[in-house]
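A, B, ... follow the sequence lines: proteins, then strands. Residue 1 opens every chain. All heavy atoms count here, side chains included; hydrogens, waters and symmetry mates do not.
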Number of protein chains: 2
Amino acid sequence: MQKRHENLRNLAIKNAQNRISTHGLHGLNSRFIAKKIACSVGTLYNLFKSIDFLIFAVNLKTLSTLETLLQQAADTSEKGELALQAMANTYINFARSNPHLWLTLFEHQFTNTEDTPQDYYEQRTSLFHILESQLQHIHPELPLQHIAIEARALWAGIHGICMLNITNKLNDDGYTLQDIAATLVAKFTTQHQGGAV
Amino acid sequence: MQKRHENLRNLAIKNAQNRISTHGLHGLNSRFIAKKIACSVGTLYNLFKSIDFLIFAVNLKTLSTLETLLQQAADTSEKGELALQAMANTYINFARSNPHLWLTLFEHQFTNTEDTPQDYYEQRTSLFHILESQLQHIHPELPLQHIAIEARALWAGIHGICMLNITNKLNDDGYTLQDIAATLVAKFTTQHQGGAV
DNA sequence: AACCTCAATTGAACATCGTTCACTTCAAGC
DNA sequence: GCTTGAAGTGAACGATGTTCAATTGAGGTT
């Protein structure tokens, strides 16, 4: 039946998400998930071409949640700098609350890159659009091309802060994530005298 | 003999570095390295408590190389903004030329975090000092505490740009790494009106 | 030269992993 | 009841990290 297939698939994704969330990507394995959803490994491989695709499904869910949260943060704050600050904090909080799920977004590489489904890239670019919209509100005079680059630089910055922190490579000293992130956001929101590209 | 032990250890590290460089972290395994250095897996486990420690040794080497390159970039450029731009480009070029070695710096997590040797953290903080020195030259009026935060925000930004690019999650559009990085560096080097922490 | 000692070396063996596939099951159509 | 084909099964394969009883061999002692 088609229904059972879909139910089982969703159940597998949910359990995989749970497992990664608590034990990290290394804690995930096919036999464990198969047992959890009460089927054989063979059936699991009917649902997902390989474990990579199961992880991918979890990542897609994570990205979707993240986008919803960021959009909410943007919507419930005053447009512009405050919205960007709120988004940065939301992103950081998500990463800190769900370190394993967040890390899996980047730890996981498809063995064959051409296997990576198109949805994945689309899901991500839509994140940029939220940022671009805020940046454009702050700097209406800048060309769209410039805004796009700024959005990527800012996003990468927030991302890097999280990455270096979560992987325990930044927070060995007394500086808090929020301070560092706020400093970064401020660079992109306060008015400059000139600027280079 | 002590000498053989050390020689074999270095040989193992060199081969592991080579293997990771060409085949990524997944391409590394104990039997392969053992065969390369003409000893048994058992002996390899006498040299390294586990494969994690071999990877760690490779990472330490990578960090060391990176620091030398960054210091060179800083020294051969005019102090301040130009030096920072040069360092950013050096970092990016290194990451792009040695994507696997660079990724391994972050992909690899010790199963027991308390195992992570102290050298590792020290090697990294010395990277910050190079940055801090440049930033302080640009903003001599800022307190050291503030400079430290800026250094971390900038470093994280450059890092994030590389990460999102290397893992193929940013460069699906037409914006070049250098443009994005230059934009970021410019934010930290041009004079602001005010700023938030 | 024969012997002893013990640390270094070995690789078979174990547990676990992703993945496959010949076999079994079973619901639907006749 | 019989047939058919898709779905489900789990033993089996190869590769992995890691261990450890057995072996080796260099250096000291007699």
What is the distance, rounded to the nearest whole Å, between atom [atom1] of [X] and atom [atom2] of [N]?
| X | N | atom1 | atom2 | answer |
| --- | --- | --- | --- | --- |
| A:Asn7 | D:dG8 | CG | P | 12 Å |
| B:Glu6 | C:dA8 | CD | C1' | 17 Å |
| B:Lys35 | D:dA15 | NZ | C1' | 12 Å |
| B:Asn46 | D:dC20 | CG | P | 13 Å |
| A:Leu8 | D:dG8 | CG | P | 7 Å |
| A:Arg4 | C:dA27 | CZ | P | 11 Å |
| B:Leu25 | D:dT16 | CG | C1' | 13 Å |

Q. Should the heavy atoms of other residues, nucleotides or ligands under 6.0 Å from NZ of A:Lys61 be counted, would the total exceed 12?
A. yes

Residues of residues 11-18 of chain B with a heavy atom under 4.0 Å from any atom of DNA chain D, listed by number, are none

Does B:Thr65 form a side chain to side chain donor-acceptor pair (under 3.5 Å) with B:Thr62? I'd like the steps, not just the answer.
CA-CA 5 Å; B:Thr65 316; B:Thr62 306; 6.0 Å; no

Could you tell me whether the side chain of B:Asn98 and the main chain of B:Leu101 form a donor-acceptor pair under 3.5 Å? no

Practice task
Kindly say whether B:Gly80 contributes a backbone atom to a donor-acceptor pair with the side chain of B:Gln134 at under 3.5 angstrom?
Solution key: yes

Side chain to side chain contact (heavy atoms under 4.5 Å, CB included) filter on B:Glu67, not counting sequence neighbours, yields B:Gln123, B:Ser126, B:Leu127, B:Ile130

With sequence neighbours left out, the residues meeting side chain to side chain contact (heavy atoms under 4.5 Å, CB included) with B:Ala16 are B:Leu28, B:Ile33, B:Leu54, B:Val58

*asked:* Is it the case that the side chains of B:Asn10 and B:Glu6 hold a donor-acceptor pair, with the cut-off being a distance below 3.5 Å and no angle test?
replied: no

Distance only, no hydrogens: is a donor on one side chain within 3.5 Å (strictly under) of an acceptor on the other, for A:Asn89 and A:Gln85?
no

Within residues 36-44 of chain B, the residues having a heavy atom closer than 4.0 Å to DNA chain C are B:Cys39, B:Ser40, B:Val41, B:Gly42, B:Thr43

For this session: Apply the test side-chain contact (heavy atoms from CB on, under 4.5 Å) to residues A:Glu132 and A:Gln136: give CA-CA distance (whole Å), side-chain angles for both, the deciding distance (0.1 Å), then the verdict.
Result: CA-CA 6 Å; A:Glu132 287 173 12; A:Gln136 202 176 0; 5.8 Å; no

Minimal heavy-atom distance between B:His146 and B:Leu142, with the atoms involved, is ND1-CD2, 4.1 Å

A:Ile20 and A:His100 have their tightest heavy-atom pair at O-CB, 3.0 Å

With five pairs defining each end axis, the helix from C:dA1-D:dT30 to C:dC30-D:dG1 comes out bent, to 10°, by 30°

ask   = Taking the inter-plane angle between the rings of A:Trp102 and A:His159 on a 0 to 90° scale, is it parallel (under 30°), tilted (30 to 60°) or perpendicular (over 60°)?
value = tilted

Using a cut-off of under 3.5 Å, enumerate the N/O to N/O pairs linking the protein to nucleotides 15-18 of chain C.
from, atom 1, to, atom 2, distance (Å)
C:dC17, OP1, A:Asn29, ND2, 3.0
C:dG18, OP2, A:Ser30, N, 2.9
C:dG18, OP2, A:Ser30, OG, 3.0
C:dG18, N7, A:Arg31, NH1, 2.9
C:dG18, O6, A:Arg31, NH2, 2.7

Review point. Going through the distances and angles, do B:Asn165 and B:Ile180 end up as a side-chain contact (heavy atoms from CB on, under 4.5 Å)?
Key: CA-CA 11 Å; B:Asn165 180 271; B:Ile180 299 177; over 6 Å; no

